[in-house]
Amino acid sequence: MILSRLAGRPVLLVIGLVAALLLPWFVYPPVALDIACWALFAAAVDLLLGFTGLLSFGHAAFWGSAAYATGLIAVHSGLPFPVAVLGGAAFSAVLAVPIGYLSIRLRGIYFAMVTLAFAQMVYFVANQWRDVTGGENGLQGIPRDFFGVDLSDPFFFYYAGLPFILAGLFVAWRIVRSPFGRVLVSIRDNSARARALGYSIDRYKLLVFVLSAALSGLGGGLFAIGHGFASLDGVYWTTSGQAVMMVVLGGIGTLWGGAIGAALIVELNDRLATAGFQETGIITGAIFIVVVLVFRRGVWGTARTLLER
Amino acid sequence: MAGPVPGSPVLAARGLVREFRGFRAVDGVDLDVAEGSVHALVGPNGAGKTTLFNLLTGFLKPTAGSVRLGPHELAGRSPEHVARLGLARSFQITSLFAELTPLQHVELALAGRTGLGWRFWRSDKALRRFSGRAAELLEQVGLDGHGATPAGALAYGRKRALELALALALDPKVLLLDEPTAGMGVEDVDRTVRLIQRVRETGGRTLTVVMVEHNMSVVSSLADRVTVLQQGRVLVEGPYAEIRHDPRVVTAYLGDSNAAH
Ligand SMILES: Nc1ncnc2c1ncn2[C@@H]1O[C@H](COP(=O)(O)OP(=O)(O)O)[C@@H](O)[C@H]1O
Ligand SMILES: [Mg+2]
């Protein structure tokens, strides 16, 4: 009884907000920002994977190109960082229209492969177009202007960036709990039936793809501002893979699970890196396999099931 | 403008062909479904009945031929477009959304015409504006009291009833039912027959129904006309009383009707 009341949303919402507010006290502040950005990215990927049944393996295209777009806006315009971040998200949304249009008709593994292929094209362009992206050196020296306020301390910048993450998470939650979200779930569960009810499922999938890309871009843009540079890593396929991994770790179709997956993986990667460990992939990969085998529904999905008992 | 002439075809297919890698599952079918009638499609397993349904409803594109629903040409249109033009269908294999309740199913079907489904910025509580009508439809098919059970947990007969409620929610001109009594015991079959009779006569008009049906007692009690398909072609067509004595039908189909599925 008590546990099931605890599972009620207001309590969890408060716990989540408190955790988000206290995070830079407990983890290294730049890492705290990384966690927040990846949490939003994971929620965006879960919109597709968990709520529409589409496994995108190319979301690095949106995260990474928003990082470049945000960086370029900040470097060349001198506008405050929120404008640059929103500009980056808008860029991703626009990029998602042709990519989504050409891939959402495909299903399952074919959809994953085509989105991966598009992301690799974006990577190729970013790598070749050195004048703009800096190629392998990345786009350096991205400023974080905010009307002259000094945000150079990562601790303070975390709080400057957090509202964007929370707003993005709210949008993702709103989408899931909207009439549109209901249609998405019906497409996921039975797309032929959704069509027989008169829903143009391809258009619905395209819209959620674009929304997901915009939210991914919001995370990627803020990530670039936080680090002061945008790199090729952002558009590389491992970035797509890591976002999917966070969603699976946290629990597909839970939305908040991705935040837990993000916290686990980012924090772990950071500890391993500071310990001088090079091949972090093998450790995170092993943990991933164990978690997936032990908690079939991911960390959050399993916890939720236990709480709801 | 006069209204539709009673008995004139509301749904008409001409020369419908569908090939699967050279194999003609539907091979030149003409079909006229009269306004307000119940038209049964029968034929042995593999005769092409489901394929024909898929051609009529846009789930498959015809290799050749045309389909008209009133003034609209349907061939080549998407399933969602066909549904919006007024041709609603149920599926041979029960086809629902596992995580949604019956009430949510019907709300979703009712919302399809309104564009509410695009509102990603609104609360899903907005769908409750349809819950009154949805509850009515559930009551009509005998699902009152089950509105809040997840669809996955419903008994088989109730799932089929929900299928029917979903199709009715679209307020169709023509209702296509693919084996509505398949897999049912005698009691459920009788109840389904009565249900179909009842729901046809609501809203001050008589709903046109096309049904695939194996059970000959269901066909005889519901159907005005029967089309017998065999190997993708129309073998005979006519009132049930006529075709049941046709020697070709007896050998092709009725001879083993009790065993057919
Ligand atoms: N998608 C498909 N691909 C290949 N063959 C198919 C396909 N759908 C149906 N068929 C074939 O077409 C024939 C007619 O099938 P169907 O329309 O399901 O028959 P019925 O509903 O009358 O039992 C069968 O031989 C079946 O194997
Ligand atoms: Mg069939």
Side-chain angles (χ1 to χ4, degrees), chain A residues 9 43-44 47-48 50-53 93 104-105 167-215 252-255 297 301 304-305 308, chain B residues 53-54 57-60 77-91 93-101 104-130 150-152 162-163 166-167 169-172 176 178:
Chain A
R9 234 174 296 129
L47 269 184
L48 292 179
F51 295 92
T52 321
I104 38 106
R105 270 153 237 276
L169 288 173
F170 174 76
V171 170
W173 174 81
R174 178 77 284 164
I175 291 170
V176 166
R177 300 283 180 121
S178 72
F180 178 71
R182 190 74 64 78
V183 177
L184 294 183
V185 167
S186 77
I187 292 172
R188 177 196 70 189
D189 286 354
N190 192 334
S191 57
R193 171 50 97 179
R195 300 187 84 182
L197 294 183
Y199 288 102
S200 313
I201 62 167
D202 286 346
R203 291 193 207 161
Y204 278 84
K205 286 198 241 175
L206 181 59
L207 178 57
V208 71
F209 192 82
V210 170
L211 291 169
S212 166
L215 293 175
I252 295 169
T254 62
L255 209 59
R297 298 164 191 219
R304 192 170 66 177
T305 318
E308 278 169 2
Chain B
F53 262 30
N54 286 333
T57 51
F59 280 90
L60 287 172
R77 295 204 193 276
S78 64
E80 53 268 31
H81 197 148
V82 170
R84 288 196 292 258
L85 288 173
L87 193 57
R89 71 173 293 179
S90 74
F91 291 81
I93 295 162
T94 310
S95 172
L96 298 167
F97 310 120
E99 286 194 5
L100 303 185
T101 66
Q104 289 174 330
H105 275 80
V106 183
E107 284 171 1
L108 203 59
L110 292 167
R113 268 169 295 169
T114 64
L116 185 63
W118 290 107
R119 310 277 160 88
F120 62 83
W121 57 92
R122 292 199 56 181
S123 165
D124 55 8
K125 293 193 180 80
L127 285 162
R128 287 190 195 159
R129 82 164 76 138
F130 300 107
L162 179 53
E163 287 260 339
L166 283 182
L170 302 178
D171 192 21
L176 269 56
D178 198 350

Any side-chain heavy atom of B:R84 within less than 4.5 Å of one from A:S200? yes
So CG of A:D202 and CD of B:E80: to nearest 0.5 Å the spacing works out to 7.0 Å
Cut-off 4.5 Å, heavy atoms of chain B, and the answer for A:L211 is side chain
Assert top hit (heavy-atom pairs under 4.5 Å, partner chain A, pool B:L108, B:L127, B:L96, B:L170) equals B:L108
If one checks every heavy atom of A:R188 against chain B at 4.5 Å, the contacting part turns out to be side chain
In terms of heavy-atom contacts, A:R195 and B:F59 come closest through CB-CZ, 4.3 Å
CZ (A:R193) and CD (B:E163) are apart, to the nearest 0.5 Å, by 4.0 Å
Checked A:L207, A:I201, A:V176, A:L184 vs chain B; the most non-hydrogen pairs under 4.5 Å come from A:L207
Scored by heavy-atom pairs under 4.5 Å with chain A, the best of B:G117, B:S90, B:A88, B:A167 is B:G117
One should read off an interatomic distance between A:L197 CG and B:R113 CZ, to the nearest 0.5 angstrom, of 11.0 Å
Smallest heavy-atom separation, B:A98 atom then A:D189 atom, equals N-OD2, 3.6 Å
CZ of A:R182 to CD of B:E99, rounded to nearest 0.5 Å, is 11.5 Å
Honestly, the part of B:E107 sitting under 4.5 Å from a heavy atom of chain A is side chain
On a heavy-atom basis, the closest approach of A:A192 and B:F91 is O-CZ, 4.0 Å
Applying a strict 4.5 Å limit to non-hydrogen atoms, the region of B:S123 in contact with chain A is both
Counting heavy-atom pairs under 4.5 Å with chain A, the top scorer among B:A111, B:A126, B:S78 is B:A111
Whatever's closer than 4.5 Å to a heavy atom in chain B on A:I175 counts as both
